[in-house]
Amino acid sequence: MKRLAPLLATAGLLATALPGLATPSASAASIPAYLRQTPAWHRCSPDRPAAYECATLKVPLDYQRPEGRTLNLAISRMKSENPAKRRGVLLLNPGGPGSSGLYRPVRTNASMPKEARDRYDLVGFDPRGVGESSPIGCGGLSEAEVGVGGAYRPETFASDVSWARGIADKCREKSGDVIPYITTRNTARDMDVIRAALSERTVSYLGYSYGTYLGAVYSQMFPERTDRFVLDSGVDPERVWRGMIQAWGTEAEPAFERWTRWAAERSGAYGLGATPEAVSATFWALVARADRDPILHYGEKVTGDDIRADPSLFFDPHGASAVIKSIKASADKLPQPPGGTDPGAGGKGAHRKGPGVRSPLGGVRAVGPDVDTGAASEGPDAAPADNATAVYWAVVCGDTDNWPRDPELYARDAARDKVKHPLYGDFASNIKPCAFWQRPLEAATPMKTRADVLTVQNEWDPMTPLATGQGLHQALKGSRMVLALGGEGHGVYLSDPTACANIPVNAYLSTGRLPAKDVTCHNPPPTPDPEGGGARRP
């Protein structure tokens, strides 16, 4: 593969350059067939708005062999209602990898302010391999196999290796002829096919979480096609993909420290300690106690590893305090407090057993402010139940060749990070299926070309932490960043009507003018939800 790398890189550049031929000056004969499609739009569903239209394009499985096998690419749109102000199309991606974006135009149409909304036809799509776009699967993964891996312990590491190898083997056996082509670079090429099919010279874009990396890759592969791009809740291109998972270990620590201060200031309400040090001691005592003797909590035995399994919990101080208070009450065999959070109920603090423990991504489901399910298909061509997991690993393992192949290296890293970052470091560095994945067909995309895009970030984002959002901004020369200080949660723009970042993002989408310099604004502090569901905005 190393000897073939220059050849593959050259072929990749040729494939990248092809969509640029779709210009008025190019002869029809010189334009590939996949760039000469005309969507056959139709109403998506009788129970959806009439303005919500769907179509299907064909894209090459392998852009280096465009005359070969093809995949379906499901797309959707809601057109601008003000043609006089229309600028073009705004492609939408809610995150992932593995999340459907087909219903995204309906959601965005309902929440985007008119001054920005009038400028665009909103265009959604299911990325290749996802949902209605030739979905892939791994043969029906079990509940224990879904997730990004469990805590590191020397005595269970052999089973962790078996878990990782088993997923790689199952995915290869079920979808091995397609999986190597389910990558971010190919999805970016698919985006350019959408652009050509819509007869647009350029596209604008709104992408969340994983969608920020997809947008960044597009901006590098097709800089001349990149118009107004908003990249919300950033993935650091320098960390794809092992480093992004490890960021959940490193960046959970400052969130945990912030939580201990918050809970200490409210010791009367939560009883976890009057100082940050005391709150921390209460937490780690619970972890140690549950490791010795699992705590029966809402009918489920919870171990110390279960308590540590969701680092995103501590980015929501109110929610974390309610969960830890509830677990402490169970440990002390006290009546559960009103509004207590059941870790087995799938909300904040939800845990799963085994090496497939769920991650801050919600169990390798969508990495975005929410999950689109409005356009789910049914019938024989419906996406398999493990579709999101299959696409997740296809992209995360197939985008880059920087995954170690030696299981012992994962063991050493996990043991080290369990000491350095005790909350989640060993989970993050433990072995993943990528250790046994086939080598990628292309190298990761270097971020060398200037990209005048807008990045957006909450200060306390649990899934793409502030450090990774800053990394995205630094990697994209020419970008500007809007940072919402005090902002909590994953996804900023349109996720909260009171978010201070909405104003500069709306201005950019409406006018195309980036801020003269980076913008730092202050979000209003969240207020506790009286029903015990975490924090909410006033």
Side-chain angles (χ1 to χ4, degrees), residues 97-98 136-180 182 241-246 248-249 290-291 294 300-311 350-365 384-419 424-440:
I136 63 170
C138 293
L141 298 178
S142 68
E143 180 72 10
E145 291 174 308
V146 175
V148 296
Y152 171 74
R153 292 181 180 275
E155 63 271 21
T156 59
F157 184 67
S159 66
D160 296 341
V161 173
S162 296
W163 165 80
R165 189 191 302 273
I167 290 177
D169 289 346
K170 285 185 176 182
C171 293
R172 188 179 302 112
E173 180 179 356
K174 181 66 176 179
S175 303
D177 56 338
V178 176
I179 276 179
I182 307 297
W241 278 106
R242 190 181 188 216
M244 280 301 302
I245 295 176
Q246 289 175 317
W248 300 332
D291 275 337
E300 181 179 3
K301 288 187 176 181
V302 175
T303 68
D305 289 344
D306 294 331
I307 296 173
R308 294 190 299 121
D310 183 9
H351 307 301
R352 294 291 189 271
K353 305 297 186 180
V357 66
R358 296 197 181 274
S359 75
L361 296 184
V364 297
R365 285 197 272 269
D386 60 2
N387 178 226
T389 301
V391 174
Y392 179 87
W393 290 123
V395 172
V396 168
C397 302
D399 269 0
T400 173
D401 199 23
N402 66 5
W403 286 95
R405 301 290 167 165
D406 180 4
E408 290 307 313
L409 180 57
Y410 290 92
R412 291 195 297 270
D413 287 354
R416 175 200 66 201
D417 290 343
K418 191 166 189 172
V419 176
Y424 194 76
D426 58 320
F427 284 84
S429 290
N430 204 354
I431 195 163
K432 307 292 183 259
C434 303
F436 305 103
W437 218 256
Q438 70 179 71
R439 298 286 183 178

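Side chains included, hydrogens not; waters and symmetry mates left out as well; all remaining heavy atoms used.
Salt bridge Arg153/Asp426: absent, no basic N to carboxylate O contact under 4.0 Å.
Ser429 OG to Arg416 CZ: the interatomic distance, rounded to the nearest 0.5 Å, is 6.0 Å. We find the SG-CG distance between Cys434 and Asp399 to be 10.0 Å, quoted to the nearest 0.5 Å. The structure places CZ of Arg242 at 4.5 Å from CG of Asp413, a figure rounded to the nearest 0.5 Å. A distance of 11.5 Å separates CD1 in Ile136 from NZ in Lys174, rounded to the nearest 0.5 Å. Rounded to the nearest 0.5 angstrom, Tyr392 OH and Ile167 CD1 are separated by 11.0 Å. With rounding to the nearest 0.5 angstrom, the CG atom of Leu141 is 5.5 Å from the SG atom of Cys171.
Here the closest heavy-atom approach between residue Pro433 and residue Ala168 is recorded as O-CB, 3.8 Å. Nearest heavy-atom pair across Ala428 and Gly249 is CB-N, 4.2 Å.
By the side-chain hydrogen bond (donor to acceptor under 3.5 Å, both in side chains) test, Asp386 is found to be paired with no residue, residues two or more places apart in sequence or in another chain being considered. In this structure, the side-chain contact (heavy atoms from CB on, under 4.5 Å) partners of Arg405, at least two apart in sequence or on a different chain, are Asp401, Trp437, Arg439, Pro440. Judged as a side-chain hydrogen bond (donor to acceptor under 3.5 Å, both in side chains), and not counting sequence neighbours, the contacts of Lys170 are Glu145.
Ring geometry for Trp163 against Trp393 counts as perpendicular: the plane angle is over 60°, on a 0 to 90° scale with 30° as the lower cut.
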| request: Give the intermediate values and the outcome of ring-ring contact (aromatic ring centres under 6.0 Å, His included) for residues Tyr152 and Phe157. | output: CA-CA 7 Å; Tyr152 171 74; Phe157 184 67; 5.7 Å; yes
| field | Evaluation steps, side chain to side chain donor-acceptor pair (under 3.5 Å), between Asp305 and Thr303 | value | CA-CA 5 Å; Asp305 289 344; Thr303 68; 5.0 Å; no
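In this structure, Lys432 contributes its side chain and Asn430 its backbone to a donor-acceptor pair below 3.5 Å.
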